Asks: 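Below is the structure I would like to discuss, written out as structure tokens.
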Amino acid sequence: MKNYKPIFDAIYKEASKVIVGQKELIEQIMIAMLCDNNALLEGYPGLAKTLTVRTLASLLDLNFSRIQNTPDLMPSDITGTYIIEEVSGKRTFKFQPGPIFANIVLADEINRATPKTQSALLEAMQEKQVTVGNETFVLDLPFFVLATQNPIEQEGTYPLPEAQADRFLLKIKVDYPSPEEEEEIINKYTTGIKIPTLKKILTKKQLLHLQTITKQVPIARDIKRYVVKIITATRKDKDLLQYGASPRASIGLVLASKARALINGRTYVSKKDIEAMAYPVLRHRIILNFEAERKGMTTDDAITHILDKVK
Amino acid sequence: MEYFKNRLKDINQVLNDILVFEVILNSILIYLVVYLILMFTDISSLYALVPSLAYLLYATYQQLKKNKLIMVEKRYKFLNEKLRTAADNIHINNPIVKQLQLEVLNDLKKVYASTFMKPKQSSFKIFFAVVLSFVIILLAAHNIEFINIKGALKTPAQFRFGFGGVGNESGGNVAGVNGGNNNIYGQESIAQAGEEELQLNVPSFGFEITNIRDENKPEEEFEEFPSEITKLKECVEPPCVLEDNIPVERHELVKNYFLILAQK
């Protein structure tokens, strides 16, 4: 069995030809893919969220589609619809697949779509299939939904309910680049330098194989207990939290840690993996109480507090 | 993997042996120290086995309960979390677990059992045990006893420690103290009553022993009561006058005895 770290190093190296910095974003998107799950990206506009996803899709030889959510977007705009087609004078209904029929679907500003449209997308995420009329269409594997949210301009939006946000494995916070990185971005995109063609690093089949391998990464008993301790602490800590995480968070945290271990070339899960993945796994699954909000705490602060308590 | 299982068993076995050896050494030391202390008391030295055995049993249980793999991981940082992950997933058969087991087996080649022993400490304990043994043997020949615990338990109000002649100026009863003097009667100063010496003088009396019982006389001839009080037998119910039947020369003896006492 080979060490898979060089594969991921190659992905970072190739992606860096287009994306400056954002190594953590790329790593966490890869983790979500290895876990065969979906991710929610939250960041201000212009932080290369769409560019990152599109770049990764080309590196992994995956079909990519983008859905720009607006309040008037209908579910059929996502799933597809039947259209009348005339062939040799004969009219038939033909199903026209929507943008959801891709391997990577980038749902931009998911909180701007209506709950009905959101639910169509969420059904595809959960079931990996789409039902239109009487027919069910199975989606091509691997299938990922990477939804984005803007933390500002919340007026006129439909925030994802917690029950539906829980279906995303990770909530990835996209941050501003460092000054050096920003300088490099300016050099890359304002000087007319041609962006090189990216070569494919992984095929679909290899990615599916990696998903199987990820689940096989072993984890020690005491580390599993540590995961359970963290999740149960979110339910018991009434000083900061109104609601804690569900058992789905325990599953997600273990899977995400396994993926992180594999990406880092390890054949075992470490406590450091658990602590690193606790933030993206838990930040959208816990709700702060009034006292914590009054103090100006964020969910990341609450997670730090819980990790310190459980240690 | 069978080889990996056997290797884990070896680690557990070797570490158990090392830990139990330390426990046995400590319990021997406890036994010797308590034996030495009990030598200076009147309590049987066999009781030294009690704390020693209690420690042996408790410490052995505690040491055997320890997770040996975590001990190895703490000593060898490159095995941290790896070894116990491989051990916990020993029954899972997949390429990743096999790879992990191979890595761990490779790393275990750099683990030496001797790093878990404390040679300096063990050597010092063995040396100390030998020294204690010799001290016990030497002291046993002198039959030294400083503390009489049994005596103290019998007469706690009168118990005082005494070492030689120190602290005995006010006299009083001293129970079974020997300040290391070979004289089994103790020192002369102990025989003092207050500040004065007792001069005991048993004066001799002018009497002859006349009535000597014949030893050859058979037992059956021995009378239950002396002849002087034969009359007591006859007088069972009062009123009756009891007269003694003591010979006249004996009268003189008794009279003289009390006269001398009165003069003194």
Side-chain angles (χ1 to χ4, degrees), chain A residues 1-8 30-31 34-36 205-230 250-251 253-278 307 310-311, chain B residues 1-16 19 61-111 115-116:
Chain A
M1 204 218 75
K2 56 181 179 177
N3 185 358
Y4 290 103
K5 191 171 187 305
I7 296 174
F8 300 104
M30 285 305 309
I31 286 170
L34 288 174
C35 296
D36 192 19
K205 204 175 167 185
Q206 284 171 331
L207 182 59
L208 288 168
H209 173 69
L210 281 175
Q211 286 178 346
T212 314
I213 294 286
T214 301
K215 290 192 173 125
Q216 291 177 356
V217 174
I219 179 169
R221 264 196 300 260
D222 62 312
I223 295 180
K224 263 187 253 180
R225 268 183 244 128
Y226 181 56
V227 167
V228 172
K229 254 190 186 175
I230 293 170
S250 306
I251 297 168
L253 187 50
V254 168
L255 274 176
S257 303
K258 286 186 176 190
R260 189 175 185 271
L262 192 74
I263 284 173
N264 287 305
R266 274 183 281 110
T267 47
Y268 60 97
V269 176
S270 159
K271 249 189 182 173
K272 286 197 171 73
D273 294 326
I274 305 290
E275 285 162 7
M277 296 316 300
L307 287 174
V310 167
K311 261 181 193 161
Chain B
M1 191 195 274
E2 217 41 59
Y3 181 68
F4 185 73
K5 268 188 205 173
N6 292 337
R7 196 75 180 88
L8 288 180
K9 266 189 202 164
D10 287 342
I11 291 171
N12 274 307
Q13 187 63 47
V14 167
L15 286 177
N16 278 340
L19 292 171
Y61 171 72
Q62 288 294 327
Q63 296 293 352
L64 290 176
K65 218 171 64 163
K66 274 186 187 173
N67 189 330
K68 312 295 177 302
L69 301 181
I70 290 182
M71 279 176 68
V72 174
E73 284 182 9
K74 277 185 181 162
R75 189 61 63 96
Y76 294 91
K77 298 288 179 200
F78 55 82
L79 278 167
N80 190 27
E81 290 172 336
K82 226 173 167 178
L83 181 57
R84 66 187 122 122
T85 307
D88 287 344
N89 292 276
I90 202 164
H91 301 293
I92 295 174
N93 188 13
N94 70 43
I96 305 278
V97 170
K98 277 187 183 158
Q99 175 70 16
L100 177 64
Q101 286 173 358
L102 281 170
E103 283 174 20
V104 168
L105 281 170
N106 209 26
D107 289 336
L108 283 175
K109 287 178 189 168
K110 299 170 203 163
V111 173
T115 52
F116 296 95

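Here is the naming used below: chain letters follow the sequence lines, and residue numbers restart at 1 for every chain. Remember, it's a predicted structure, so these values are computed and weren't measured experimentally.
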Asks: For A:P218, does its backbone N or O pair with a side-chain atom of B:N89 as donor and acceptor, under 3.5 Å?
Replies: no

Asks: Determine whether a donor-acceptor pair (N or O, by modelled atom type, separation under 3.5 Å) exists between the side chain of B:E81 and the backbone of A:Y268.
Replies: no

Asks: Is it the case that over 12 heavy atoms from other parts of the model lie below 6.0 angstrom from the NZ atom of B:K74?
Replies: no

Asks: Which is it for B:I96 and A:I213 under the side-chain contact (heavy atoms from CB on, under 4.5 Å) test, yes or no, and what are the steps along the way?
Replies: CA-CA 7 Å; B:I96 305 278; A:I213 294 286; 3.2 Å; yes

Asks: With rounding to the nearest 0.5 angstrom, report the CZ to CZ distance, A:R221 to B:R84.
Replies: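 Answer rounded to 0.5 Å: 11.5 Å.
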
Asks: Out of curiosity, B:N80 CG to A:K271 NZ, how far, rounded to the nearest 0.5 Å?
Replies: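 One finds 9.5 Å between CG of B:N80 and NZ of A:K271.
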
Asks: Quick one: which of B:D88, B:I92, B:L102, B:V97 has the most heavy-atom pairs under 4.5 Å with chain A, could you say?
Replies: B:D88

Asks: Please classify the contact between B:L100 and chain A as side chain, backbone, both or neither, with a heavy-atom cut-off of under 4.5 Å.
Replies: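 Both backbone and side chain.
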
Asks: Just wondering, more than 12 heavy atoms not from B:F78 lying within 6.0 Å of its CZ?
Replies: yes

Asks: Rounded to the nearest 0.5 Å, what separates atom CD in B:E103 from atom CZ in A:R266?
Replies: 11.0 Å

Asks: Out of curiosity, A:T267 OG1 to B:Q101 CD, how far, rounded to the nearest 0.5 Å?
Replies: 10.0 Å

